Amino acid sequence: MGVAIRRAGEEDRADAVRLLDEAFMWDPVSAWVFPAEEHRRRRHGALMDAFFDLALGEGYIDITEDGSAVALWWSVPAAAPEAGGGSAGSGGGAEADGPALLRQAVDPKNERVELIGRLTEAAHPTDRAHQYLHMIAVRPDRQGEGLGTALIAAVLERCDAEGLHAYLEASSARSRALYERLGFGVTGAPLDLPDGPRMWPMWREPRGDA
């Protein structure tokens with residue numbers, strides 16, 4: 001039996017942000033961004049809400065019909081030759097300082113909110129248009145049922161049919177192994193957060209004759 005998936009909208013904000021907050025509260029990267037647990041509990045949801053906004057503005061959000069899993073995707077165009085980097089995570093165009101704006105909106109005194117945005121932005125390929133899997137979350141009690149894989153596979157099927165590339169950052173060795181099974185490969189050097197966990201930029205070429 002397949003997994004029913006639909007495109008999410010503004011009306012799904014509360015449920016999707018709650019799911020992202022719950023699923024990533026203890027993620028190594030979230031724990032690095034908000035090292036103090038009590039502070040993380042207060043501000044982590046605001047970061048997830050900002051990411052929801054970014055996905056609505058720069059791409060799309062897929063959610064299972066039962067609301068147990070959600071994926072945030074960005075549609076990233078190739079950067080113009082004169083524009084240089086920064087196409088991903090700009091949050092409003094080449095002139096906008098996305099990481100700084102994110103920090104100001106979420107947690108102004110927390111430098112790590114801005115720093116992780118700058119580090120991932122610097123590692124993000126800009127030479128080819130692609131679909132960027134920014135985040136994917138599955139409700140903790142539903143993990144291991146293949147819901148996350150179903151959400152990703154649905155987009156990758158379209159990528160293969162339309163000849164689109166895909167990109168993501170794996171935040172753990174376990175997720176890296178999953179993405180490798182879906183056709184992603186590590187591209188460039190791993191991203192080591194200062195005094196924090198390692199992330200792996202991963203790229204996927206379209207498969208088939210497209």
Side-chain angles (χ1 to χ4, degrees), residues 5-25 27 29-30 33-34 43-65 67 69-80 82-108 110 112-138 148 151-152 154-156 158-159 162 164-171 191 199 201-204:
I5 298 169
R6 63 178 175 83
R7 190 59 46 89
E10 180 61 39
E11 67 279 5
D12 298 294
R13 176 185 296 273
D15 290 338
V17 169
R18 189 181 307 112
L19 174 56
L20 289 163
D21 188 30
E22 180 181 14
F24 282 95
M25 180 64 68
D27 180 80
V29 175
S30 290
V33 174
F34 303 101
R43 300 310 304 159
H44 186 261
L47 182 61
M48 299 300 105
D49 190 67
F51 286 158
F52 185 93
D53 271 340
L54 284 169
L56 279 184
E58 308 221 13
Y60 49 93
I61 300 168
D62 286 342
I63 192 169
T64 57
E65 280 289 0
V70 63
L72 276 55
W73 292 87
W74 299 6
S75 297
V76 180
E82 66 275 11
S87 68
S90 61
E95 296 181 359
D97 188 342
L101 292 174
L102 183 65
R103 173 184 174 182
Q104 188 61 37
V106 172
D107 197 4
N110 189 347
R112 290 185 175 186
V113 173
E114 181 176 343
L115 178 57
I116 192 169
R118 295 198 184 284
L119 292 173
T120 54
E121 189 176 79
H124 200 130
T126 61
D127 59 325
R128 287 169 289 178
H130 57 274
Q131 301 300 293
Y132 171 37
L133 178 58
H134 184 211
M135 303 187 80
I136 185 165
V138 179
L151 279 173
I152 299 171
V155 173
L156 295 184
R158 179 167 65 86
C159 287
E162 299 179 12
L164 299 172
H165 308 281
Y167 174 78
L168 55 81
E169 297 109 4
S171 60
L191 175 58
M199 302 174 70
M202 303 188 74
W203 183 264
R204 184 183 185 273

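Worth saying up front: this structure is predicted, and the values here are computed from it rather than measured.
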**Request:** Give the intermediate values and the outcome of salt bridge (charged side-chain N to carboxylate O under 4.0 Å, His left out) for residues Glu10 and Arg13.
**Result:** CA-CA 5 Å; Glu10 180 61 39; Arg13 176 185 296 273; 2.7 Å; yes

**Asked** Between Glu58 and Ser75, does a side-chain contact (heavy atoms from CB on, under 4.5 Å) hold up when you go through it step by step?
**Response** CA-CA 6 Å; Glu58 308 221 13; Ser75 297; over 6 Å; no

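Ring geometry, Tyr132 versus Trp74: the interplanar angle exceeds 60°, so the pair is classed perpendicular (tilted spans 30 to 60°). Between Tyr167 and His124, the ring planes lie tilted relative to each other; the angle falls in the 30° to 60° range.
Residues passing the salt bridge (Lys or Arg N to Asp or Glu O under 4.0 Å) test with Arg6, sequence neighbours excluded: Asp12, Glu65. Applying the side-chain hydrogen bond (donor to acceptor under 3.5 Å, both in side chains) test to Trp203 and every residue at least two apart in sequence or in another chain returns Glu205. Listed by chain and number, the residues in a side-chain hydrogen bond (donor to acceptor under 3.5 Å, both in side chains) with Asp107 are His39, Asn110 (sequence neighbours excluded). The salt bridge (Lys or Arg N to Asp or Glu O under 4.0 Å) check on Asp127 picks up nothing, with sequence neighbours excluded. The side chain to side chain contact (heavy atoms under 4.5 Å, CB included) search around Ile61 returns Ala8, Phe52, Ala55, Leu56, Val70, Leu72, not counting sequence neighbours. Applying the salt bridge (Lys or Arg N to Asp or Glu O under 4.0 Å) rule to Asp62 yields the partners Arg7; only residues at least two apart in sequence or on another chain are considered.
Arg112 contributes no side-chain N or O that, together with a main-chain N or O of Phe34, makes up a donor-acceptor pair within less than 3.5 Å.
The shortest side-chain heavy-atom distance between Leu20 and Asp49 does not fall under the 4.5 Å cut-off. Considering only heavy atoms from C-beta on, Met48 comes within 4.5 Å of Met135 through its side chain. Counting heavy atoms from C-beta outward, Met199 and Val29 have side chains that approach closer than 4.5 Å.
For Asp15 and Arg18, the salt-bridge test passes: some basic side-chain N is under 4.0 Å from an acidic carboxylate O.
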